[in-house]
Amino acid sequence: MEGQSGRCKIVVVGDAECGKTALLQVFAKDAYPGSYVPTVFENYTASFEIDKRRIELNMWDTSGSSYYDNVRPLAYPDSDAVLICFDISRPETLDSVLKKWQGETQEFCPNAKVVLVGCKLDMRTDLATLRELSKQRLIPVTHEQGTVLAKQVGAVSYVECSSRSSERSVRDVFHVATVASLGRGHRQLRRTDSRRGLQRSTQLSGRPDRGNEGEMHKDRAKSCNLM
Amino acid sequence: MELGRSSSTPQEEAISPLGVLGTGPSSSPLGKLQALPIGPGAHRGAHSSSAPAGDSSTREPSGAMKIPNRDSGIDSPSSSVASENFPCEESSEGSPSPAILGLPSETASDSRVPQDNPQEEEDSGVGEEPDPKVTLFRPQEDVSLTQCSDPQKLLHIAQELLHTEEAYVKRLHLLDQVFCTKLTEAGIPLEVTTGIFSNISSIYRFHGQFLLPELQKRITEEWDTNPRLGDILQKLAPFLKMYGEYVKNFDRAMGLVSTWTQRSPQFKDVIHTIQKQEVCGNLTLQHHMLEPVQRVPRYELLLKDYLKRLPRDAPDRKDAERSLELISTAADHSNAAIRKMEKMHKLLEVYEQLGGEEDIVNPANELIKEGSIQKLSAKNGTTQDRHLFLFNNVMLYCVPKLRLMGQKLSVREKMDISDLQVQDIVKPNAACTFIITGRKRSLELQTRTEEEKKEWIQVIQATVEKHKQKSETFRAFGGACSQDEEPTLSPDQPVMSTSSVEPAGVADSNGGTPGIESRKSSSKTRRDKEKPGCKSCGETFNSITKRRYRCKLCGEVICRKCSEFKAENSKQSRVCRECFLEEPLVPPSPSSETPTELKQNAEKPPSVDPRPSLLCGTLNLSDDGTTWNEVWAAIPESDPQVLDLLAGSQAGRLLYSIPLSGCNITMPDPEEGLEAGCAWKLHQGSQTWWLSAPSTKLQQCWLKALGTAVHGDTAGDRPGASQPQAPAGTDTP
């Protein structure tokens, strides 16, 4: 059983009201949250499969409010991946990724893989949102901006999703995060047992490639969408 | 007195080694017993006299079950005191001390209940113990209920919370900083230590760095000025959900400890070495690991007790109630996490049964019901064995496979819950039947019993209903989004209303003055929009080579060529052929006409802007004194010798621009005057205009102004210019 299954802890952080809880609830509970209730601390569990390998996900939802800056780090230990979220319709939340979240995640879980997540993708083409932003002479965050910032903060990938209109994009987010964290597990396995490491490295060598191909494919698809 | 003091001294010493097997439990309660009462010597004597009885009662259960007793001893040192105090309470009911002592007893008794839940062994072990406790507990509860709320009692509960928190943090330190660290240093793999201790580090830091410091500060330093706990607990209670991870991992952790104790001598040595230390209280690692599992429910019980004694109007009540709610949520969270993991394992089992054909291992998927069922064949009515799996989003209809290994079922049909319908049917030749209808297929199924059939129908209907509700969560937000778009539509509505007002205005105008002029005006508007070609020559208009022009007399839309005819009174006025031909012939005396025409031509160009006016207002205009039309009349300042008549209103189209010099003003006949009211005539050459003012005063103003214009012009002219008036006057008759 242990050989077949894996464990993965994912922590979701980001500014308040940028879509973290909706992301997790749509993924784990298949339901979109109703009215907005600020999250303090929440824990979700889920299980799904990647390349015939069952992964048990342990997902932690945190508060974006600075009121909990002191106690939020309690969620970080032993994380395999951290999702830094921002709201595509609010460019200031993208700035916070660099000003606050990148530093915090680097400090408390330097070994975790970071994935930059652009939430509320459907708002990029929403007329009301565009009108509101134009009053402030702003535009929604572009895919290119997200990609550039992802490289800047050392994230393994940049993913966009819409919890409301595309459940598939939500699953893609966690798929990318899990694949990234599997890479980390891969290293650990090598250290512990050379024989098993060798065998699994042979098996796992294909998976990262597939993951990479998937990511490249997604990037291409999205660039095509932009055109 | 000396005897009493000397007896308390060794008891206090005995308190330190809590782990002492035989004498520890008995001595520590005695010590606390000595410390707690603050009564006269008689009370002390009473307590000491009853102590042996308590000891004996405590020893009996401990003799039968040593381990549970130790657990309870460690979890709540006051529990033994409670059991001993109960007889004291009986002996002295009136004393306030029993009520105070009853509190820890109540808490201790309640705190044991959670122990029953996590493990069956604990249940069987502690099964007998709670019964006498419960019996003892009820009278105490009654007594405590009768007691009125007391600040001192609240402080006591707060201190109980603080003391148990301090002891608990020590246990966490033992687990995280002693056991876990030592094992790591001994070279035990990280995945093993993580598997055993899970997130104990975070839990330890939460209590050690956040909860305990705040409780200490509040209860020891600020209680006199700020006697409340709710605000602290409300802020930090959500983080108790961290226990969910630890509790979920508990069984696995126990398995790992057992496995590695057998498998790794090094692991075993480290554990045993630490367990021998006094700080462990002679308890095993497993017992210490169990303590976090019991901690959250204990907060719940302590807080309930606190709320029970809190005055209704206390400022802390709202926060405390909210905190209790959050703590209950955290406690339920752990149980829910365990249930979810169990369901996930179930899902994996089903996945293996199906041989991995269907992708059912999905984060949101949940197995709701499964079972064997029989299908009624539509062909011959025979029954066939089938297996149903009902998930929260899909139903799988499977056929058994005759294999010993591996895949046991094959998916025959997959039905989405969103399309699924179930209905009960009654067949004369077959009982316990119902129909499941999907998008592609309909299945007639049969169960062994009527109850089983009802259960399937109920469960399926409930699942379908729940699925709809979940889908609604997305649509509801979609609806909210459409509401956001409505404001964009609302600006259109005012536009529509504005346009609707415009036709109303036109209608009002028509209704108000149904004269020839109004008909012409409305028809002109329509023709301007609808007419594709020139009325005279019929050629089609276009914006480049053939533009529209309007006849100044009849208002018809005509082209440039057809509008070359000029009205005699002005070069700039375009008229159509018909209107031009209708005009009267030139008077026979050319000498008199020529000077008049020249003067009119000279005066026309300046009269462009009618807004700055010497006099302006609404008048009624008529051609023959019978049919009237409302017009806006103005004498511009820039050219006081001209009268401008505009259609309808000040912003209307310019109908006439009449040069007043050379005009003649006369009053209508008495009969005509009566009909027209305050009216007068304006004569210019061959044309006559009937004008009417709303009131006599206005009429006089207009007559005065018009007279001034006419006379002023006459006075300014040469003597020769006065001659043209005479012919005009002659023409009138």
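Model, not experiment: these values are computed from the prediction. Reminder, nothing fancy here: chain letters follow the sequence lines and each chain counts from 1.
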Give, as side chain, backbone, both or neither, the part of B:Ser198 having an atom under 4.5 angstrom from any heavy atom of chain A.
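Backbone only.
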Can you tell me which portion of B:Phe206 sits under 4.5 Å from chain A's heavy atoms? Options are side chain, backbone, both or neither.
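Contact with chain A is through both the backbone and side chain of B:Phe206.
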Do you see a donor-acceptor pair shorter than 3.5 Å between the side chains of [X] and [Y]?
X: A:Asn58; Y: A:Thr45; result: no
X: B:Asp416; Y: B:Ser418; result: no
X: A:Tyr76; Y: A:Glu104; result: yes

Given a strict heavy-atom distance threshold of 4.5 Å, which part of A:Ser163 is in contact with chain B: side chain, backbone, both, or neither?
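Contact with chain B is through the backbone of A:Ser163 alone.
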Can you tell which part of A:Asp122 gets under 4.5 Å to a heavy atom of chain B, answering side chain, backbone, both or neither?
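No part of it gets close to chain B.
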Check against ring-ring contact (aromatic ring centres under 6.0 Å, His included), A:Tyr68 and A:Phe41
CA-CA 10 Å; A:Tyr68 288 101; A:Phe41 198 80; 9.4 Å; no
